[in-house]
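Below you'll find the structure, written out as structure tokens, and then a few comments.
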Amino acid sequence: MSAPPHPSPRIAARPFPTDWPDDAPMHLDEFVAVFGIELPVSVPLLRGEIRKGKLPAKKVAGKLFITPSQVRELFQPCRPDPKAPASTS
């Protein structure tokens, strides 16, 4: 199976999610181009999660960078909050 050609040399060199280490910094467009096959993500979704503080990102030269492991954390099941007893009697 071959991936479609991409204008980014970084993606052309590593077109599949398995080609990227979990700690590799990726620009948002790069992440969506590579991991959009595996995860339901878009650039607006990622920007929204960054804005909400749920996705940590680094800004370098005016561009936002994230790692695959950071985004995978977003898709982990939520832990239920323990409920306080309604009554003590």
Side-chain angles (χ1 to χ4, degrees):
M1 179 176 156
S2 66
H6 194 277
S8 166
R10 284 172 36 102
I11 294 175
R14 300 186 281 182
F16 301 105
T18 54
D19 297 334
W20 293 81
D22 278 346
D23 62 348
M26 300 177 78
H27 184 265
L28 303 183
D29 290 332
E30 290 177 331
F31 188 89
V32 170
V34 175
F35 284 86
I37 300 165
E38 181 182 296
L39 298 169
V41 294
S42 65
V43 171
L45 179 139
L46 295 172
R47 286 186 189 281
E49 295 304 305
I50 291 166
R51 207 172 12 261
K52 292 179 208 171
K54 294 182 179 180
L55 177 60
K58 299 286 184 191
K59 197 169 202 176
V60 179
K63 294 189 178 241
L64 292 169
F65 288 86
I66 56 175
T67 65
S69 63
Q70 290 171 322
V71 178
R72 285 191 184 106
E73 281 290 314
L74 287 175
F75 291 94
Q76 294 301 312
C78 297
R79 287 181 231 131
D81 292 331
K83 293 189 176 188
S87 169
T88 58
S89 54

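Every value quoted in this text rests on a predicted model; they were computed, and no experiment measured them.
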List the steps and the verdict of side-chain contact (heavy atoms from CB on, under 4.5 Å) for Val71 and Phe35.
CA-CA 10 Å; Val71 178; Phe35 284 86; over 6 Å; no

As a quick check of understanding, evaluate side-chain contact (heavy atoms from CB on, under 4.5 Å) for Trp20 and Val34, giving each step before the final call.
CA-CA 9 Å; Trp20 293 81; Val34 175; 3.7 Å; yes

Evaluate side-chain contact (heavy atoms from CB on, under 4.5 Å) for Arg72 paired with Glu38, printing each intermediate quantity in order.
CA-CA 10 Å; Arg72 285 191 184 106; Glu38 181 182 296; 3.3 Å; yes

If I compare all heavy atoms of Leu64 with all of Ala57, which pair ends up nearest, and what's the gap?
CD2-CB, 4.2 Å

Would you call Glu30 and Arg14 a salt bridge, taking side-chain N to carboxylate O under 4.0 Å as the test?
no

Quick one: NE2 on His27 to CG on Leu46, what's the gap to the nearest 0.5 Å?
10.5 Å

Please report the C-alpha distance between Val41 and Phe75 in whole Å, then the side-chain angles of each, then the deciding distance to 0.1 Å, and finally whether the side-chain contact (heavy atoms from CB on, under 4.5 Å) criterion is met.
CA-CA 10 Å; Val41 294; Phe75 291 94; 3.9 Å; yes

Spatial distance of atom CD1 (Ile66) from atom CE (Met26) [nearest 0.5 Å]:
7.5 Å

What is the minimum heavy-atom distance between Pro68 and Ala24, and which atoms define it?
CD-O, 3.3 Å

For Gln70, is there any backbone N or O sitting under 3.5 Å from a side-chain donor or acceptor partner on Glu73?
no

Mark yes or no for whether Ser69, through its side chain, and Asp22, through its backbone, hold a donor-acceptor pair below 3.5 Å.
yes

To the nearest 0.5 Å, tell me how far Leu55 CG sits from Ile50 CD1.
4.5 Å

CG-CG distance between Leu74 and Leu39, expressed to the nearest 0.5 angstrom:
9.0 Å

